[in-house]
Number of protein chains: 2
Amino acid sequence: MTSENPAPNRRRSPIEPVSIERHHCTPAEQVRILAATPFFRTVSPDHMLRLASTFRQADYFAGASIQRSGEPAARLSIVAAGMVKLVRHTASGQDVLLDIIGSGDFFGSLADLGDLTYQEDATAHTDCCILYTTAEEFRQVLRTYPEVTIATLDLVAARLRTAQQVIEHISAHPVDQRVAATLLHFARRIGRNVDETILIDMPLSRQDLADMTGAQVETVSRVMSEFRRAGIIESGRRWTAIRDVKALENIAGHLPLTTRAVT
Amino acid sequence: MTSENPAPNRRRSPIEPVSIERHHCTPAEQVRILAATPFFRTVSPDHMLRLASTFRQADYFAGASIQRSGEPAARLSIVAAGMVKLVRHTASGQDVLLDIIGSGDFFGSLADLGDLTYQEDATAHTDCCILYTTAEEFRQVLRTYPEVTIATLDLVAARLRTAQQVIEHISAHPVDQRVAATLLHFARRIGRNVDETILIDMPLSRQDLADMTGAQVETVSRVMSEFRRAGIIESGRRWTAIRDVKALENIAGHLPLTTRAVT
DNA sequence: CGTCCAATTGACTGCGTTCAAGAGCCGTGG
DNA sequence: CCACGGCTCTTGAACGCAGTCAATTGGACG
């Protein structure tokens, strides 16, 4: 049987042509993307033009390194397209995956004086397009546009709250609950309703889930198999689908890792 | 034997008269304390006077509840004197202690729109004095004084970095390393050099350490006994002393939980 | 068709939790 | 001043969740 003729019991991958990520943005697109970002929603279009000119662009193929921990924290980066992994490598060799972020999200330095070096690696999780400015230039933007500073504060505060939620989960909940919460986290951010299920259309390996939940690959695999056997989820190479959100929420303890539904 | 005549083998508690925390601040002290806070360092004295008038004061005895998670996030609070515990109670009954903060630190709501209810309990860890303003008033302050917004952003960004460090530790390091890192965390914040040791002059129960490291009381007790037997630490009812910082740093993996030396 | 890597599953180990009992320390009240 | 009660802390012993090691499967791609 070919891929045109799916197996009877298992529906075929719901992401049709493996949508190719945009790999480069025109200047007009840059402005549009930046303006839509939580940072700059309040900025008027003409100011936005000048402001966007302080940003440069860089494209990366999946797997490429964007920034490395320990390097001087020189840039503030915003994801224009694609997804970026934020990873801390520990001395013991275990990786800690802080988050996988998408279009409109930021990473890098906010130019806090104490923030002299990057604390984590940023890697292109898919092919992606990054808009970046220097820490100093962004600092200048903050001084010029106070409403941007407030927006930035809200973004960082939201991320702090998420981080504290993660601390709670890793401190006090068993692995299956943490995996469930992580799946709901992505469902809320990028989930789309498809065929009575919530489709998470992104690569999310067992290793990724393990690094996000502070667990081992094998453990996550067992948990995911359990979920699959219970009819709660379904997953393929580049996607995961939640068939029974209620069940997942029950397992996660009614406490999803992120509240915001939109990015 | 009286407390004037210490036991031969064990030096007596190094905190002399169990210093009584100030329990109420005069208006002048309020202004001085607020002005010394990272929020308002850049504000000129005359502006500071007006600004301080938006704050009210409340005093709490040790153990008293200051805010409860789930309540509407109406206040931004700053610790004027004493120490405050920030705790999340989990459904399973286990507590997660996010931090114990002191003079100049803040907690509560930054008036982020999404931050509608408190995410954690705040409890008076010692007798303490809290200066608070409403979330709305503080929002107005941010709009009026952009440099305060930038300072706030830096504070929240620093706290985010600390939280991510905690995530790394709890995800990837065994309990003894986490306890060591937590002791160093407090040593850097409030440690004083006394008799070749670093004295952490605050109540810090095994339960507190357990809740901060995501471990159980018994496990922390074993680890601390191990440290004591190795001559690394010494501890009493209201204090902990580090005799061998290098050893602790080695155990923690040269990665203390906080970098800043001053509050 | 063969190679490579992710995922799965099983068996065993061990760190940390859980359960339980005892020791130390302190405030209180007789 | 000492005895009592309640608390935290400590230590021991057994259990269990998750980690580790190892072998196999399965899917993607050249």
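Small disclaimer: the values here were computed from a predicted structure and weren't measured. Atoms considered below: every heavy atom in the structure, side chains included; atoms not considered: hydrogens, waters and symmetry mates.
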Practice item. Output the distance between atom CD (A:Q216) and atom CD (A:Q94), rounded to the nearest 0.5 Å. Key: 5.5 Å
Exercise for review: Could you tell me the separation between the CZ atom of A:R238 and the C1' atom of D:dC29, rounded to a whole number of Å?
Suggested key: 15 Å
Exercise for review: Calculate the interatomic distance between A:I170 atom CD1 and D:dC17 atom C1'; express it in whole Å.
Suggested key: 16 Å
Revision key, fill the gap. Taken to the nearest whole Å, CG/B:D176 to C1'/C:dG16 is 11 Å
Review point. Roughly how far apart are A:F107 CZ and A:R75 CZ, rounded to 0.5 Å?
Key: 9.0 Å
Study note, to complete from the structure: Taken to the nearest whole Å, NE2/A:H173 to P/D:dA18 is 13 Å
**Study point:** Rounded interatomic separation in angstrom, taking CD from B:E226 and C1' from C:dC15
**Key:** 14 Å
Check your understanding: Is B:E234 paired with B:R228 through a side-chain N to carboxylate O contact shorter than 4.0 Å?
Key -> no
Sort me out a list of protein N/O and nucleotides 7-14 of chain C N/O pairs below 3.5 Å, or just none if empty.
residue	atom	partner	partner atom	Å
C:dA7	OP1	A:R206	N	3.4
C:dA7	OP2	A:R206	N	3.3
C:dT8	OP1	A:R206	NH1	3.2
C:dT8	OP2	A:R206	NH1	2.9
C:dT8	OP2	A:S221	OG	2.7
C:dT8	O5'	A:S221	OG	3.2
C:dT9	OP2	A:S225	OG	2.9
C:dG10	N7	A:R222	NH1	3.0
C:dG10	O6	A:R222	NH2	3.2
C:dA11	N6	A:R222	NH2	3.3

**Study point:** Whole-Å distance separating the CH2 atom of A:W239 from the P atom of D:dA28
**Key:** 11 Å
Practice item. Verify whether one side chain among B:R206 and B:S235 offers a donor that lies under 3.5 Å from an acceptor in the other. Key: yes
Exercise for review: May I ask you to say what A:G236 touches in the nucleic acid, namely base, sugar-phosphate or nothing, with a heavy-atom cut-off under 4.0 Å?
Suggested key: nothing
Check your understanding: Is A:R88 salt-bridged to A:D121, cutoff N-O under 4.0 Å?
Key -> no
Study note, to complete from the structure: When rounded to whole Å, the CD to C1' distance for the pair B:Q216 and C:dT17 reads 6 Å
Point to revise | Closest non-hydrogen atom pair, B:I242 against B:A187 | key: CD1-CB, 3.7 Å
Check your understanding: In whole angstrom, what separates B:L209's CG from C:dT17's P?
Key -> 13 Å
